[in-house]
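Worksheet for the structure shown next.
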Amino acid sequence: MIEFRNVYSSYGNYIVHEDISFKIEKSEIVAIVGGSGAGKSTLVKLMLFLLKPKSGEIFFDSQKIDYNDEKKIQRIRDRIGVVFQFNALFNSITSVENVMYPVLKKTSLSKDIAFKNAVVKLNMVGFKNIWAYPGELSGGMKKKVALARALALEPDILILDEPTSGLDPISADEFDSLIKSIRDSLGTTVVMVTHDIASLKIVDRVLILYDKKLIFNGSPSLLKAQNHPWIQSFINGQRGHCYD
Amino acid sequence: MDLTKETIGGKVDISILIKEHTIDIKDVDKIDTFGAIFILELLEKYKDKKLVGKKEHIEFIQKVKELLKYNDEKTKKDTNLSVSLTFLEYIGILVYHGFKNIKDIEFESFLKEIENSGVGSLFILAVLSFLVGIVIAYQSARELISFGANIFIVNLIGISAFRELGPLITGIILAGRVSSGYTANIGIRNVYEELDAVEVMGISPYVVFGLPRIITLTFITPLLVLFSSNVMVLGGAIIAKTYLDIPFNMFFDRLREVVGFNQVFVGLIKAPFFGAYIGLVGTYFGFYSGKKPEDVTLNVMKSVVISISGIIVIDALFSIIFAKIGI
Ligand SMILES: Nc1ncnc2c1ncn2[C@@H]1O[C@H](COP(=O)(O)OP(=O)(O)OP(=O)(O)O)[C@@H](O)[C@H]1O
Ligand SMILES: [Mg+2]
């Protein structure tokens, strides 16, 4: 579905990624893991074409991305649902209006259908307080609304930047199961950035970024056998022991 | 046929789905939430008809139906957690915090405010004062010529600039430029919990973000008023020279005679009140805006409107006082 080939990226002269190549298949759940500042959010920006690689190519459905073809890029983006690291909900409208928003903007469907769809999506993520403004919600509740909004247009791909950070372990578990059930029932491809080793139990594959490079690309069950010191401390550190 | 967000919404010919006793979606290949909602609406409309179709589609529609329940009660919580204080209470709090935490007041914050609010306002103040001076002088010049009373342009422009127009223009510009800035700055800090963070560090946000601004504005407004009045007179002098043939030296000699200490004093005595008022209003609406971004938007608007109208009211009050005591 998405493929990176020898991608280099940078902010000005500051290089973030060097020679990154990987492929994400349809209906896979892929985790992107790495330390703070490793370039995970930047990788997400590359997948959303918000940032252009310095060199290398990105393919979507086996077609090479042409950064000059804005229409095409927008068509691809319309198939992607995103939850940004900091939610980016609109604070001036209610939760349900936040979820209606993409439908009203992107389709010619009526307000009534947009509303019903928003209710379905909010119920799907287990969020009840639909008339609340984002400012009135806890961090975990905001994540749920943001996920519902990302699901509003039934995307083929869901990109989540640290969806469970800031959630208590039980809510985080629920959130993970939710993601998995969405994939299982709708066949959505899921790319999730995470720091949370416990989330790896729902993923099919892990990509690990370290020192600008992709140092691991494989099933989470293979992580234990890796010698790389960062991976070792990631899974064997105090926080890693839950993944036994 | 598909029943998805791309096809419904007027674009599907629904009549083929509606049979005599059934709603028939056997021929539908793909259905999404939007399609399911659409079918549920049809079922609602044709209550006597039964839905027939592929098993997985019917199950999916059933699932969507279950997810369509919602709570219709708009229990509107009052989100504005900050107690809304009256303006006078706010002044009390400022004084109290100011005395209690006097050591937390940083000297640099005064310099920064002088630069932001004072120096930063000079250019726009100069341009507007100059233009007002020109406009007033030009309008009066035409009248004065017809009476042969050219030289009175100096009385007219000098007295109105120092007594009224300088202070008023300065007040209005500060109200628009500085008051809104204070509200936005403090309000955004409130939204991002910076005020809470400062308070937790044991520092009063009023002392860090409020007092230095109000105090600075109180002291620099008289200087700005003096600046504005002088620039305005300069505009008048240029018109006097070009239209009324009054040379500069004559204009300024006469100015010294007609604009005495009283006139300048009347203008200057108002200025600190204007400054304090604008500072108070700007910071007040910053501290007591809610935690939502749109609360800040609303409060910026309020702060500008209330500052400007307040300036005009204060100015009027001073006029009454001066009339009573006869200066
Ligand atoms: N807009 C930007 N301009 C310049 N440098 C940036 C910008 N955004 C990120 N960076 C830098 O790029 C690097 C990667 O940042 P990125 O946000 O992708 O990290 P991350 O892996 O998502 O970290 P975290 O886990 O903390 O979210 C960091 O060193 C960061 O300082
Ligand atoms: Mg990040």
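Just so we're on the same page: letters track the sequence lines, and every chain starts at 1. All values reported here derive from a predicted model rather than from experimental measurement.
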Worksheet item: Does the cation-pi check pass for K121(A) over F34(B), that is, NZ or CZ under 6.0 Å from the six-membered ring centre and within 45° of its axis?
Response: yes
Discussion item. Can you tell me which portion of L68(B) sits under 4.5 Å from chain A's heavy atoms? Options are side chain, backbone, both or neither.
Written reply: both
Worksheet item: Hey, is K116(A) close enough to E41(B) for a salt bridge, meaning N to O under 4.0 Å?
Response: yes
Item to complete: Go through the steps to decide whether Y277(B) and Y284(B) satisfy the test ring-ring contact (aromatic ring centres under 6.0 Å, His included), and finish with yes or no.
Response: CA-CA 10 Å; Y277(B) 175 75; Y284(B) 172 80; over 10 Å; no
Discussion item. Can you tell me which of L153(A), L186(A), T107(A), V103(A) forms the most heavy-atom pairs within a distance under 4.5 Å of chain B?
Written reply: L153(A)
Worksheet item: Would you call K54(B)-D27(B) a salt bridge at under 4.0 Å N-O?
Response: no
Discussion item. Within the 3.5 Å criterion, strictly below it, is a donor on D2(B) or T7(B) matched to an acceptor on the partner's side chain?
Written reply: no
Fill in: Winner by heavy-atom pair count (cut-off under 4.5 Å) against chain B, out of V119(A), D112(A), V96(A), I113(A)
V119(A)
Fill in: Residue part contacting chain A, namely of K63(B), when any heavy atom lies under 4.5 Å
side chain
Fill in: Per-residue contact mode, F115(A) against chain B (heavy atom under 4.5 angstrom)
side chain
Item to complete: Can you tell which part of S185(A) gets under 4.5 Å to a heavy atom of chain B, answering side chain, backbone, both or neither?
Response: side chain
